[in-house]
Amino acid sequence: RGSEAGAIDVGRLERLVELARELKETHWRLSEGDQGLGRARYSVVVAAGSVAHWAGAFPNNPFQVPVAMDQTGEAAQMAAGLLQGQITVAIQGIGLLHRARREMGEQKGEGVGVSEALTWGRLSPEERAHCPPLFLVGSESELGGRGFAQVAWLLSSALPVKILVLSELDLGLERRVPKGSHLLTSCADPVTDLGLMALAQRHAYVAQTSIADPGHYRETLREALAFSGPALIRVHAPSPGRHGFPVEDTRVQARLALESRAFPLFRYHPQHAGVFGKRITLAGNPDPRASWVGEGTGEPLTPLTWMLTEQRFSSHFHTLGDDDPAPMPVTEWLALDPAARAGRTPVLTLAAGEDSIRLVVSLAAAEQVGRLAHAWRTLQELAGLVTPFTEQIQQEVEQQVAAAHQAELESRQQGHEAQLQALRAGLQAEIAGQIRERLLNLAGYRGGGLGA
């Protein structure tokens with residue numbers, strides 16, 4: 001120390017020197033690092049399964065960001081652990097900035113132990129934006145079904161995890177169905193509606209998108225990345241080789257899946273204004289208020305039309321024969337109660353020039369079409385486009401208006417009757433006065449006296 005006027009706070013000076021060293025090291029790690037690339041903008045966890053088969057094959061995956069390949073079936077837990085580690089490192093850097101501001105007098109508080117007090121929940125939106133997200137990529141079979149419990153935990157957290165689910169839309173129907181067994185049910189494994197299940201986690205960004213609509217696809221990715229919390233993006237991933245259609249028809253197949261309601265589009269943004277349903281948009285779907293595209297114009301476009309164009313579903317269709325009982329259109333069959341469907345054959349009619357071909361649809365495929373129709377109807381109801389309460393509300397409003405109108409009529413009628421009674425009483429009094437006056441005149445009275 002020198003004199004009192006020029007005293008040097010050695011302890012603070014040491015803290016400043018150490019803080020400057022840590023800030024310099026943090027800046028080097030973020031801007032350069034051991035590889036000269038600096039901090040990665042994001043990281044990736046690839047779930048086991050079909051995605052890992054091609055993503056884990058070098059050199060076809062020239063990743064330029066940290067990637068972890070899961071082989072245990074616990075990809076969501078791995079993603080959560082890695083993301084927690086990333087956030088811890090990011091918070092340490094942010095804590096250094098807090099300490100620096102405090103030491104320079106720009107922020108109140110103690111300068112020791114700041115980074116230990118910081119948590120993800122206490123960071124400002126600007127600070128959260130500096131924490132790189134983690135992408136969890138996997139197939140629907142791996143991240144849906146039994147694996148959804150782990151995914152739901154991630155979606156209910158506030159962590160910046162972006163879950164990309166690649167859906168092949170197998171519908172549980174890709175096992176062979178022998179001809180003539182159209183009344184047999186399939187689906188040994190339950191089929192889940194991952195998009196709808198994710199919507200239950202109301203604080204996460206959730207969307208279904210497809211390469212069939214590039215604009216919707218870009219907007220979905222933009223919103224998901226800009227959202228600071230978790231996001232789940234379900235993408236239709238058609239595969240010519242596995243699904244059985246020409247490579248050049250990939251976009252066509254994706255579009256047909258969209259238009260047939262096999263894979264409808266939607267986006268849910270938890271930060272948009274309004275209540276839950278107002279935050280859901282079905283933009284991008286053709287005729288979003290209708291059950292099926294082309295409804296009311298003959299045979300509507302259903303997922304069966306899309307399924308017919310993919311070889312993997314071929315065993316679920318065969319030409320209608322004489323031994324197929326009580327054939328009826330699939331849409332009418334679906335409208336029946338389950339008990340009433342027994343002994344009836346769901347049939348799809350296809351135009352073939354001037355003639356038509358009638359194909360029997362397996363019960364398993366028809367039931368999956370019903371499930372897809374129910375999922376689409378649920379989206380319509382959630383978004384407020386179509387709801388079973390609309391007619392009820394309309395009836396209640398009509399009843400209220402009718403009741404109010406009737407009350408007004410009764411009130412006016414009572415008023416008119418009172419006016420009529422008053423008018424009648426006045427007329428009766430006037431007539432009685434005139435009769436009295438005439439009688440007095442006839443009796444010889446004038447002006448209250450006797451006449452001549």
Side-chain angles (χ1 to χ4, degrees), residues 196 199-200 202-203 206 261 264-302 328-329 331-341 370 373-452:
L196 291 177
L199 280 176
R202 296 173 295 122
H203 302 294
V206 182
R261 312 296 197 210
L265 308 181
F266 76 84
R267 292 199 304 268
Y268 169 77
H269 200 306
Q271 293 180 341
H272 281 181
V275 295
F276 180 79
K278 289 291 186 180
R279 299 169 182 172
I280 299 176
T281 173
L282 299 184
N285 295 286
D287 201 359
R289 293 184 180 275
S291 298
W292 306 111
V293 175
E295 193 172 26
T297 60
E299 192 78 30
L301 181 61
T302 70
M328 64 187 308
T331 51
E332 295 181 11
W333 184 87
L334 290 172
L336 297 175
D337 293 331
R341 296 174 182 174
H374 178 72
W376 169 243
R377 176 65 182 230
T378 301
L379 285 173
Q380 289 178 307
E381 293 180 6
L382 290 175
L385 298 183
V386 177
T387 167
F389 303 112
T390 302
E391 183 177 354
Q392 177 182 346
I393 293 173
Q394 183 178 356
Q395 292 176 352
E396 291 178 355
V397 170
E398 290 176 351
Q399 292 173 358
Q400 292 174 1
V401 171
H405 183 60
Q406 182 64 28
E408 183 179 359
L409 289 177
E410 293 177 355
S411 176
R412 289 185 178 183
Q413 184 177 0
Q414 292 175 359
H416 292 162
E417 290 180 353
Q419 291 177 359
L420 288 174
Q421 290 178 359
L423 192 60
R424 187 182 297 113
L427 288 174
Q428 290 176 351
E430 183 178 353
I431 293 172
Q434 292 177 357
I435 293 174
R436 180 176 178 277
E437 184 177 356
R438 289 186 180 183
L439 289 174
L440 289 174
N441 290 336
L442 290 174
Y445 291 96
R446 295 283 191 277
L450 295 174

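- Contact annotation: the side chain of Phe266 never approaches that of Leu382 to less than 4.5 Å [non-hydrogen atoms, C-beta and beyond].
- No side-chain donor-acceptor contact under 3.5 Å links Arg279 to the backbone of Gln271.
- Between Arg202 and Tyr268 the shortest heavy-atom distance is O-OH, 2.7 Å.
- Between Arg289 and Val386, the shortest heavy-atom distance links the atoms O-CG2, 3.5 Å.
- A 4.5 Å side-chain heavy-atom check between Ile431 and Gln428 finds every atom pair outside the cut-off.
- Taking CG from Leu379 and OG1 from Thr281, the interatomic distance works out to 11.0 Å, rounded to the nearest 0.5 Å.
- Nearest heavy-atom pair across His203 and Pro270 is O-CG, 3.7 Å.
- Distance CD/Glu430 to CG/Leu423: 10.0 Å, rounded to 0.5 Å.
- Annotation for Leu265 and Ala283: closest pair CB-O, 4.3 Å, computed over non-hydrogen atoms.
- Minimum heavy-atom separation, Trp376 to Pro288: CZ2-O, 3.3 Å.
- For NE2 of His272, the number of neighbouring non-hydrogen atoms (other residues, nucleotides, ligands) closer than 6.0 Å is greater than 12.
- Counting only heavy atoms from C-beta outward, the side chains of Leu301 and Arg261 never approach each other to under 4.5 Å.
- Looking at every heavy atom in both residues, Arg341 comes nearest to Leu334 through NH2-O, 2.9 Å.
- With rounding to the nearest 0.5 angstrom, the CG atom of Leu199 is 5.0 Å from the CD1 atom of Ile280.
- Between Thr378 and His374, some side-chain heavy-atom pair lies under the 4.5 Å cut-off.
- Of the inter-residue distances, the one linking Asp287 atom CG with Leu282 atom CG reads 12.0 Å to the nearest 0.5 angstrom.
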